[in-house]
Amino acid sequence: MLFAVRMGVDLPRDLDPGVREDLVAREKAYCQELQKSGRWPHIWRCAGQYANLSVFDVEDNEALHRVLWNLPLFPYLTIEITPLVQHPSDLAAGGAV
Ligand SMILES: O=C(O)C[C@H]1C=CC(=O)O1
């Protein structure tokens, strides 16, 4: 199942710089591990915002929940989820011209 997920990041201004650096490094490693496994095929920065728009390709809602819950930055994220289905006009998916 495909899900579009927007994550807004809100790290406290007074967060210890070392803790912040560690969190961001662990988030990046986890994100790249999921990309390599095919479960996080797209990630885009939302222009001008500390936020990303991502696509997840996971088995079901439960799997998505697990993946998101385990994000190191999870406590600092505002997450919006949109389940996706194929669009009938999508040429790449065989949509008629
Ligand atoms: O920077 C972000 O958008 C938050 C987070 C999501 C993946 C990652 O590496 O960091």
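Ligands are counted one by one from 1 in listed order, and the atoms in each one are counted from 1 as well.
In this structure, the protein non-hydrogen atom closest to atom 7 (C) of ligand 1 is I43 CD1, 3.6 Å. Residue, atom and distance of the protein heavy atom nearest to atom 10 (O) of ligand 1 are E27 CG, 3.2 Å.
If you look at W44 next to ligand 1, there are no close heavy atoms at all, none under 4.0 Å.
In the vicinity of K28, heavy-atom distances shorter than 4.0 Å reach the ligand 1 atoms 9 (O).
When each of N52, I79, L77, I43 is tested with V5 by the rule side-chain contact (heavy atoms from CB on, under 4.5 Å), just one qualifies, namely I79. Paired with F3 under the rule side-chain contact (heavy atoms from CB on, under 4.5 Å), one option of D57, L84, V55, N61 passes, and it is N61.
Annotation: R45 places an N or O atom under 3.5 Å from an N or O atom of ligand 1; distance criterion only. The shortest N or O to N or O distance between Y50 and ligand 1 is not below 3.5 Å.
Both V58 and Y30 are members of a single hydrophobic cluster when ILVMFWY side chains are connected at heavy-atom separations under 4.5 Å.
Without hydrogens or angle criteria, N70 side chain to R66 main chain gives a donor-acceptor distance under 3.5 Å.
Here the side chains of F56 and H42 are not in contact, with every heavy-atom distance at 4.5 Å or above.
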